[in-house]
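In this text the structure is predicted, and so the values were computed from the model without any measurement. First listed ligand is number 1; within each ligand, the first listed atom is number 1.
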Amino acid sequence: METYTDPAESLLMVLREKLGLYGTKAGCGKGECGVCTVLLDDRAVNSCLVPVGKVQGRKVETIENLSRGGKVHPIQEKFVEKGAVQCGFCTPGMVMSAYALLKENPRPNPDQVRVAISGNLCRCSGYKQIEEAIMLAADKLKD
Ligand code: FES
Ligand code: FES
């Protein structure tokens with residue numbers, strides 16, 4: 001798709017306002033809350049801090065990429081199963097951080113899961129359910 005925009009505009013704003021991909025949430029805009037997390041060349045980044053001019057020719061994945069053909073990704077499935085989604089505002093960013101982790105390390109230990117989501121703030125569900133959901137997703141994905 002060809003879209004024209006200011007290269008200094010944030011990737012987050014382009015995803016939401018130019019491409020209509022509203023799954024990536026807008027929060028602090030300062031790299032502090034993680035709700036805007038997407039994958040850039042397989043690594044989790046805060047899209048609010050990335051000027052869109054820097055992503056040319058690179059691979060960007062958003063939460064919309066995870067559910068295919070009406071089927072949710074195992075990470076999403078386990079978030080629901082464990083009650084790790086309350087208001088859900090943090091959830092897309094949290095899921096994307098987990099997705100980046102499991103791409104790089106399919107068998108993480110709980111400490112590695114905690115580190116991977118340390119940049120994602122959740123004020124509702126508590127991190128325990130989120131960590132458990134990610135460990136269960138890792139188990140499911142290796143089957
Ligand atoms: S909106 Fe990007 S880190 Fe908060
Ligand atoms: S579920 Fe509400 S902030 Fe995480």
Side chain Glu104, main chain Leu101, donor-acceptor under 3.5 Å: no
Point-to-point distance, once rounded to the nearest 0.5 Å, from CE of Met94 to NZ of Lys25: 14.0 Å
Gln86 side-chain N/O to Gly83 backbone N/O, donor-acceptor pair under 3.5 Å: yes
Nearest option to atom 1 (S) of ligand 1, as decided by whichever heavy atom of Gly31, Ala26, Gly34, Gly29 sits closest: Gly29
Heteroatom N/O/S of Cys28 within less than 2.8 Å of atom 2 (Fe) of ligand 1: no
Close-contact set for ligand 1 against Glu32 heavy atoms, below 4.0 Å: 3 (S)
Under 4.0 Å to a heavy atom of Cys36 - the qualifying atoms of ligand 1, by number: 1 (S), 2 (Fe), 3 (S)
Salt-bridge criterion met for Asp41 and Arg58 (N-O under 4.0 Å): yes
Atom 4 (Fe) of ligand 2 - nearest protein heavy atom and its distance: Cys90 SG, 2.1 Å
Main-chain N/O of Lys128 paired to Glu131 side chain as donor or acceptor, under 3.5 Å: no
Proximal atoms of ligand 2 relative to Gly88 (non-hydrogen, under 4.0 Å): 1 (S), 2 (Fe)
Gly27: numbered ligand 1 atoms lying under 4.0 Å from its heavy atoms: 1 (S)
Metal check, atom 4 (Fe) of ligand 2 vs Cys122 N/O/S, cut-off below 2.8 Å: yes
Residue Cys124, metal atom 2 (Fe) of ligand 2, N/O/S under 2.8 Å: yes
Side chain Arg16, main chain Thr24, donor-acceptor under 3.5 Å: yes
Interatomic spacing from OG1 in Thr62 to CE in Met96 - rounded to 0.5 Å: 6.0 Å
Minimum-distance protein heavy atom relative to atom 3 (S) of ligand 2: Arg123 N, 3.3 Å
N, O or S from Cys87 under 2.8 Å to atom 2 (Fe) of ligand 2: yes
Under 4.0 Å to a heavy atom of Cys33 - the qualifying atoms of ligand 1, by number: 1 (S), 3 (S), 4 (Fe)
Donor-acceptor contact present, side-chain Ser10 to main-chain Met13, <3.5 Å: yes
